[in-house]
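For the numbers below, each heavy atom of this structure counts, side chains included, while hydrogens, waters and symmetry mates do not. Chain A is the first sequence line, chain B the second, and so forth, proteins listed ahead of strands; every chain is numbered from 1.
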Amino acid sequence: DAGITQSPRYKITETGRQVTLMCHQTWSHSYMFWYRQDLGHGLRLIYYSAAADITDKGEVPDGYVVSRSKTENFPLTLESATRSQTSVYFCASSGLAVYEQYFGPGTRLTVT
Amino acid sequence: AQTVTQSQPEMSVQEAETVTLSCTYDTSESDYYLFWYKQPPSRQMILVIRQEAYKQQNATENRFSVNFQKAAKSFSLKISDSQLGDAAMYFCAYRSSNDMRFGAGTRLTVKP
């Protein structure tokens, strides 16, 4: 089915571990985004990508790494997870000319 | 940096009544879009309505309408004939070509 998917949906990891959250979209949207959602902050932009091999920092990029070798995939890596990165992570995509974003179902990440 | 402020952490409305959620934003750009997203308990982010800054006419989608005051940088959402299914978190969002910001959200309760 067409859409945007995230995996895993739930993840528990330990402090210092590397973890990668996956995002895949089937619309061939140019733009993709990663957000984190924490109580009292709404959604905050971590990184975004305007096209394959083009990525830019958002509001809270520290501690995260992204890549985009293919248009449809936009993985987010926490190279050394910290407890402050416990959050719900959302991936989103949008077309070049259409500015609304379509969101994935989210990944709840807990760092112990 | 652009900011989005939702001054009402919680709102309540009686079923079939009308409620207005407030949002203000700060930007120096002239070309941008504004959105309202709904997040029910399922956590899925759902687009409710969008407004292009260059359009003077307020956007309307069925029972949802906005009051866009560009000079005042205000973008409120009016929900008419409220239904139980409208209960959710509502997020105001701003998007320009290189930035995306969300407000902290307003939790809407609908009383039967």
Should F91(B) and V13(B) be regarded as members of a common hydrophobic cluster, given that ILVMFWY residues are connected when their side-chain heavy atoms come within less than 4.5 Å of each other, either directly or indirectly? no
Evaluate whether atom CZ of R9(A) has more than 12 neighbouring non-hydrogen atoms of other residues, nucleotides or ligands under 6.0 angstrom away. yes
NZ or CZ of R95(B) within 45° of F33(A) ring axis and under 6.0 Å: no
Can F103(A) and Q39(B) be said to form a side chain to side chain contact (heavy atoms under 4.5 Å, CB included), step by step? CA-CA 11 Å; F103(A) 284 81; Q39(B) 187 180 41; over 6 Å; no
Please evaluate residues F35(B) and Q101(A) with respect to the criterion side chain to side chain contact (heavy atoms under 4.5 Å, CB included), reporting the C-alpha separation (whole Å), side-chain torsions for both, the decisive distance (0.1 Å), and the verdict. CA-CA 10 Å; F35(B) 306 88; Q101(A) 296 181 18; over 6 Å; no
Using a heavy-atom distance cut-off of less than 4.5 Å, which residues of residues 103-112 of chain B contact chain A? G103(B), A104(B)
Quick one: are L45(A) and R101(B) in side-chain contact, heavy atoms under 4.5 Å? no
Output a table of donor-acceptor pairs, distance under 3.5 Å, between side-chain atoms of residues 68-79 of chain B and any protein atom two or more places apart or on a different chain; print 'none' if there are none.
from: Q69(B); atom 1: NE2; to: N67(B); atom 2: OD1; distance (Å): 2.6
from: K70(B); atom 1: NZ; to: A53(B); atom 2: O; distance (Å): 3.4
from: K73(B); atom 1: NZ; to: T27(B); atom 2: O; distance (Å): 3.2

With a 4.5 angstrom heavy-atom cut-off, could you sort out which part of Q6(B) is near chain A: side chain, backbone, both or neither? neither
Once you round to the nearest 0.5 Å, how far does CZ of F102(B) lie from CD of E59(A)? 11.0 Å
Residue L39(A) excluded, over 12 heavy atoms near CG under 6.0 Å: no
Rounded to the nearest 0.5 Å, what separation is found between the OH atom of Y102(A) and the CD1 atom of I46(B)? 12.5 Å
Which answer fits R44(A), side chain, backbone, both or neither, if we ask what part of it has an atom under 4.5 Å from a heavy atom of chain B? neither
Can you get from Y33(B) to V66(B) by hopping between Ile, Leu, Val, Met, Phe, Trp and Tyr side chains that sit under 4.5 Å apart? no
Is there a chain of hydrophobic side chains (I, L, V, M, F, W, Y, each step under 4.5 Å between heavy atoms) that links L109(A) to M22(A)? no
Polar side-chain atom of Q44(B) near backbone of G106(A) as donor-acceptor pair, under 3.5 Å: no
Is it the case that over 12 heavy atoms from other parts of the model lie below 6.0 angstrom from the CD1 atom of I12(A)? no
Distance-minimising heavy-atom pair for Y35(A) and M100(B): OH-CG, 2.8 Å
Just give me the residue among E52(B), M89(B), M45(B) that pairs up with chain A most often, heavy atom to heavy atom, under 4.5 Å. M45(B)
Common cluster, V19(A)/V60(A), ILVMFWY with side-chain heavy-atom separation under 4.5 Å: yes
Please tell me whether Y48(A) and V88(A) are part of a single hydrophobic cluster in this structure, the criterion being side-chain heavy atoms less than 4.5 Å apart. yes
